[in-house]
Protein chains: 2
Amino acid sequence: MSTPPRHEGEIYGTGTPTREAVDRIASRWTVLITHVLEGGPTRFNDLKNRLGVSGQVLARTLRDLERDGLVARRVYPEVPVRVEYELTSLGGTMCPVVREIRQWAELTAEAIGEARAAYDRGQRS
Amino acid sequence: MSTPPRHEGEIYGTGTPTREAVDRIASRWTVLITHVLEGGPTRFNDLKNRLGVSGQVLARTLRDLERDGLVARRVYPEVPVRVEYELTSLGGTMCPVVREIRQWAELTAEAIGEARAAYDRGQRS
DNA sequence: CCGTATCCAACTTGATACTG
DNA sequence: CAGTATCAAGTTGGATACGG
């Protein structure tokens, strides 16, 4: 008596592992951070400046990524301290996916903009 | 004297077309809806039940997708009315990307769960 | 059946200030 | 330099009720 899912929502339902994995990779910051880290280990402020994100948000996102085993954090006990982040081997598996996401976005950004303009034009009578 | 971007944030900065495209595809609902629509035209309530999402959110997401030219809306003037949604050809270009996102999520969900458990174990002394 | 209008809870983002 | 704490503001998700 197996109980096959009635809804796709069950396998991707809130709180399921696959849903959380989707949420992780389908996140603006994960995509952008992974893109930078693909170039090698990167320091906190470096990441911050390259992405133009607030320190708050960056710190939280990096902690989440570290928690999920996707990013490794390395502290060099110098003065002042230096901290570098890099992709783990698990995190490296995101690279092809992220690359496709970015490619799709760049390729279709213009068409989407036009569709949006046309839609908005048609809405206001 | 071209002025190459100093920040990656410039090309993916808030409000830029590429950033909006990333946000569109890197969204939980886009991924799930596209996955269902890949199977052919689907009715509103069908989508709602399969995904386990509230009607409110589904309606908003579908309208946004239609506005971006990714999804087409077809109304059959029956009683009661029947409405079907399907991917446009532009929307169809999301399929390979979405498929990769889902595959990655399913493949790594377990590893991520373990990493998370290990991390949480190490945090509380 | 297919939405929209309203209202509300929860989460996200960011600015600022402060610690090691 | 690398964070954390706190607070303010915006966005998202959902429940419910009602209109086409």
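Because only heavy atoms are used, hydrogens play no part in the values below, and waters and symmetry mates are left out as well, while side chains stay in. Convention: sequence-line order gives letters A, B, ...; per-chain numbering from 1.
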Between [X] and [Y] (salt bridge meaning N to carboxylate O under 4.0 Å), is one present in this structure?
| X | Y | result |
| --- | --- | --- |
| A/R60 | A/D64 | no |
| A/R102 | A/E100 | no |
| A/E86 | A/R73 | no |

From D/dG3, C/dA15, D/dA15, nucleotide with atom closest to A/S54 side chain: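 Comparing D/dG3, C/dA15, D/dA15 against the side chain of A/S54, the answer is C/dA15.
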
Measuring to OP1 and OP2 of [N], would you say a side-chain N or O of [X] lies under 4.0 angstrom away?
| X | N | value |
| --- | --- | --- |
| B/R60 | C/dT4 | no |
| B/W29 | D/dG13 | yes |
| A/Y85 | D/dG3 | yes |
| B/R73 | C/dC2 | no |

Closest-nucleotide 5' rank along DNA chain C - winner of A/R28 and A/V81: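 Nearer the 5' end of the strand: A/R28.
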
Whole angstroms only, please: what is the [atom1]-[atom2] distance between [X] and [N]?
| X | N | atom1 | atom2 | result |
| --- | --- | --- | --- | --- |
| B/R19 | C/dT13 | CZ | C1' | 11 Å |
| B/K48 | D/dT16 | NZ | C1' | 12 Å |
| A/E66 | D/dG3 | CD | P | 9 Å |
| A/L58 | D/dT4 | CG | C1' | 14 Å |
| B/R63 | C/dT4 | CZ | P | 5 Å |
| A/E78 | D/dA2 | CD | C1' | 13 Å |
| A/D23 | C/dA10 | CG | C1' | 15 Å |
| A/R43 | D/dC1 | CZ | C1' | 7 Å |

Shortest non-hydrogen contact from B/L90 toward B/D68: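 Residues B/L90 and B/D68, closest heavy atoms: CD2-O, 4.0 Å.
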
Shortest non-hydrogen contact between B/L32 and A/R19, atoms and distance: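 Looking at all heavy atoms of both residues, the shortest contact is CD1-NH1, 4.5 Å.
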
Which residue lies more 5' along DNA chain D, comparing A/A59 with A/P80 via nearest heavy atoms: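 Its nearest nucleotide lies further toward 5', so the answer is A/P80.
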
Sugar-phosphate only, base, or nothing, as touched by B/V53 at under 4.0 Å among non-hydrogen atoms: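 Sugar-phosphate only.
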
B/Q56 (side chain) and C/dT6 (base): donor-acceptor pair under 3.5 Å: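 Yes, a donor-acceptor pair under 3.5 Å.
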
